[in-house]
Structure formats: C-alpha cells, structure tokens
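In what follows, every heavy atom counts, from backbone to side chain, and hydrogens, waters and symmetry copies are set aside. Below, read A as the first sequence line, B as the second, and so on, with proteins coming before strands; counting in each chain starts at 1.
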There are 2 protein chains.
Amino acid sequence: MSPSRPQPQKPTRERILDAAHELMRTLGLSRATTKEIARLAGCSEAALYKHFAGKEDLFVAVLSERLPRLTPLLHRLVLDPGGRTVEQNLTEIARQATLFYAESFPIAASLYAEAKLKSRHDAAMRELGTGPHMPIEGLDSYLRAEQSAGRIAATADTFAAASLLMGACAQRAFAYDPAGTVGAPPPQDVDDFAAALAATLLAGISG
Amino acid sequence: MSPSRPQPQKPTRERILDAAHELMRTLGLSRATTKEIARLAGCSEAALYKHFAGKEDLFVAVLSERLPRLTPLLHRLVLDPGGRTVEQNLTEIARQATLFYAESFPIAASLYAEAKLKSRHDAAMRELGTGPHMPIEGLDSYLRAEQSAGRIAATADTFAAASLLMGACAQRAFAYDPAGTVGAPPPQDVDDFAAALAATLLAGISG
DNA sequence: CGAGGGTGGGTGAGTGCTCACTCACCCGTC
DNA sequence: GACGGGTGAGTGAGCACTCACCCACCCTCG
C-alpha cells in the first residue's frame, strides 16, 4: 500500500456520495453533472450506474444519507429535559437548528428548481416519517412537554412559538450568507443569535 | 370589453415575462426552457432574444419585475403606525409576509440550484439596495420606531424579534405546501397563523 | 489441488436527445 | 427604404445514460 494514504481507499459508493454532496453544495444541483461527480470521485461515469439507478436516485441517496438530522436532539429533550432551564434548552435548540439549516438549506432549496425531483424526495421523506415540517413539530412537542411540567405558560401557543424559533433559524440561512462570499454576512455569531432568540421568545416584547 | 379577450393582445415582452414566471413556479427553473416559454407566450424562441439578451437576463427580469415587494408595507408603518395597536400591525405584517413568501419563496429557492445565476441575482439586488435580508431589517426598523414611542419594551431585542416573526412566515412556505399537492398542508389558515405569531411574539411564553 | 466459470465492480467509447442560441429572411409602419 | 419586431430552420455543445468488454476474486467440482 502507498504510505501517503492511511486507508487504501474508501468504498466507491461512499466516494460518489461525497463527491455528489460536495458538488451540490458548491456548484448547485443543475451543474452537478455525472461527469463532474465521476471526476471528483475518481471513477468513471459508468461506475455511477453500477451503484445508483440514475442521477435522481443518487441525489435522493445524498439527501437521505448525507444531510444531518435535527430530530434526535429534540426527541431527547422531550423525553428528558435534563437539569437545565427552558431558556438553556431553547438556546441549545436554536444553536443546533441554525447550524443545521446553514448546512442543509442550500441543497434542500435547490430541489425547488426540479419539481419532479422534489416530489420524489418528498415522497421518500414521507415514507421515513420525516420532512421539513418535522423540526417545527418536534419543537412543538418539546414545548408542550414543558407546558405540562408547568415550566412555560399554560396559555402559550406552542405551535406558534415553535414556528417562530425554527423559522428564525431557517431564515438566517436564506437571508444571510454564512460564508459571506456572496450576500450579506449574518450580523452576529451563532451563539449570540441563538441566545437572543430564546430570550426574546420567552420574555416577549410587549411594553 | 370584448367577450373573449379584453385586450387584443398584451405586448410580447409582457407575455414572455408572464410565461417565464408561470413556468418557473410550476415546473421549476431548470425545466423552464426557452422552447416552453416561447410556446406559452405564443411566440417563437427567436423572439425571446429580441427582448432579452439571454435566458439569464430573462430570469433576472422576472425576478425583479414580477416578484412582489414587501418593503413598502413596512416602510409605511415605520413612517406612520396609524391608529392601530402594535398587535394589529404585527398581525398585518405577518399576514402579508406569509403571502409574500408563499409566492416568492419557491422561485427564490430554485436559484440555489444555479449558483452562477444566484450570484448575478444577488448582485442585481444589492444594486437596488434590497435582498432577502431586507424584510427582517425593515421590520427591525418598525419595531425600533415603536420602541421609541414606548409601545414595546425598552429592553426588547428588536432584531431577534424581527428574525422570529419573518422567519416563521418564510419557513411556512418552506416546511408546508400551500397547495397541499405534494407535502403536508399548513395546519391553519393564514389569518389565524399571523394572529397567533403576533400574539405569541408580544406576550412571550414564559410561565 | 487446480481448472472452470459465475459474479461484482470497473472501464472507454459511444449515442441520442435536449438545450440555449443564431441566422437569413420577412413584413408592416413611419 | 430603413427599421423594429417577428419567424422557421438550423447548430454545436453538453447532458444522462448505455454497451461491450475487462479483470480479480471466490466457489465448485473432477
């Protein structure tokens, strides 16, 4: 084996998924061509078709195997809020959600360019019992659990609150450019942003 | 007015813009081909090139001439909050923003598929002093005006509040499918949603 | 033990199709 | 008779995808 490579090589399938993921992020879905993917993965175009039925299949695989998941954190908090305050929990959720959306939003968004592909992906997500609405509903569940525990107001609209918090995190990926290469950079760092959202949501803004 | 056609015909340029806009919404950006646009507009492909330098030009024109604007409402409220309560104003803002994003989000999102086109569009937006971050900042301005007027808490973080409200409205377009044709339909109608957001943001959720 | 052959993973060289875009030409109006 | 707005018929490029073929590996059986 060559001394420069610790592993002889990753399996080809993995290299293809990595390459496709990378190109989807950097070039956008429509310029992530089979030729480029194969080049970056270090194999032939024909090899792609040994592992995936077609380009659509490959992209669906990337979306479901490479994008991070947010639900585990929410689920954990529903089951066990831990010894932390609601504000601490909400801050952590906001932080994770902001990072999650910053990574996954550009790719998810580019599905809108290809309505066909989007509906296939939506179907796959529904099959798995997930989808873009799940973070909101997961947070809603967490808030209702805290409400039962008397840690947030009994009159609070938990769904509205969940929409506000998750929305702000997602919107940040859309309205601001994390890398700052193209659009306006976000005006504050993730930690401050998350803390401000949690505090504002809890306290409200009425005079 | 004539029974079948009120106008003998719209100018070709307008018909092309309408056709392109329609196809971008329904088929997605990458299937909105010059051939389809010409067919729907009722002219030849070559005619497109008499009015626009190329497909990119056409799309940039659609984005800047067909997408609705949200800023006028915000601007009006900053200058004159009117005789209405903050909650009424925020509800109206949320309502308008939800409708705005439902219409413009799918198209704006599909720009992510074409990084080249996205940066051209971003540049055009910056030129016009606008962009996806403007609604947040416009709302922030409004909130600061209300804060000066003593109608919201002096300690409130207006930027966080603006991020929460606008984010929830934008996220709704992303997480739920307004037409209900593909994804999950939104769980409540726009008016209720807007009212719940405004109330929750004002009051907070702490116990 | 060693020949035989099925099999999974790989390739280089196409193939046909669709795309954005062009060109020579046309026609009604000032 | 110039000119703005329009056309039908291309054209070359780039795309997803296929095909015939290759080879290392392992299982099987004489």
Which whole-number value in Å describes the distance from [X] [atom1] to [N] [atom2]?
X: L27(A); N: dG14(D); atom1: CG; atom2: C1'; value: 15 Å
X: L117(A); N: dA16(D); atom1: CG; atom2: P; value: 12 Å
X: F52(B); N: dG4(D); atom1: CZ; atom2: P; value: 18 Å
X: K55(A); N: dC15(D); atom1: NZ; atom2: C1'; value: 8 Å
X: I37(A); N: dC15(D); atom1: CD1; atom2: P; value: 11 Å

Under 4.0 Å between any heavy atoms, over every strand shown, what does T34(A) touch: base, sugar-phosphate, or nothing? Just pick one.
base

Donor-acceptor check, side chain of S30(A) to backbone of A113(B), threshold 3.5 angstrom: yes or no?
yes

Numerically ordered, the residues 42-50 of chain A set in heavy-atom contact under 4.0 Å with DNA chain C is C43(A), S44(A), A46(A), A47(A), K50(A)

Going by side chain to side chain contact (heavy atoms under 4.5 Å, CB included), name the residues that satisfy it together with A194(B), two or more places apart in sequence or in a different chain.
T91(B), A94(B), R95(B)

P68(A): partners by side chain to side chain contact (heavy atoms under 4.5 Å, CB included), with sequence neighbours left out:
F100(A), E103(A)

Students should find this one: the first and last nucleotides of DNA chain C, 5' to 3', lying under 4.0 Å from a heavy atom of chain A. What are they?
dG10(C) to dG12(C)

Considering heavy-atom distances to DNA chain D, does A53(A) or R31(A) have its closest nucleotide positioned more toward the 5' end?
R31(A)

Determine whether I205(A) and Q147(B) make a side-chain contact, defined as any pair of heavy atoms from C-beta on separated by less than 4.5 Å.
no

If you look only at distance, which donor and acceptor atoms sit under 3.5 Å apart when one is on a side chain in residues 121-133 of chain A and the other is two or more places apart or in another chain?
residue, atom, partner, partner atom, Å
D122(A), OD2, K118(A), NZ, 3.0
R126(A), NH1, V182(B), O, 2.7
H133(A), ND1, E137(A), OE1, 3.4

Which pairs count as side-chain hydrogen bond (donor to acceptor under 3.5 Å, both in side chains) when at least one residue sits in residues 159-173 of chain B, sequence neighbours excluded?
Y101(A)-Q171(B)

Side chains of T200(A) and D157(B): any donor to acceptor distance under 3.5 Å?
no

Please confirm whether the ring centroid of F105(A) lies under 6.0 Å from the ring centroid of Y112(B).
yes

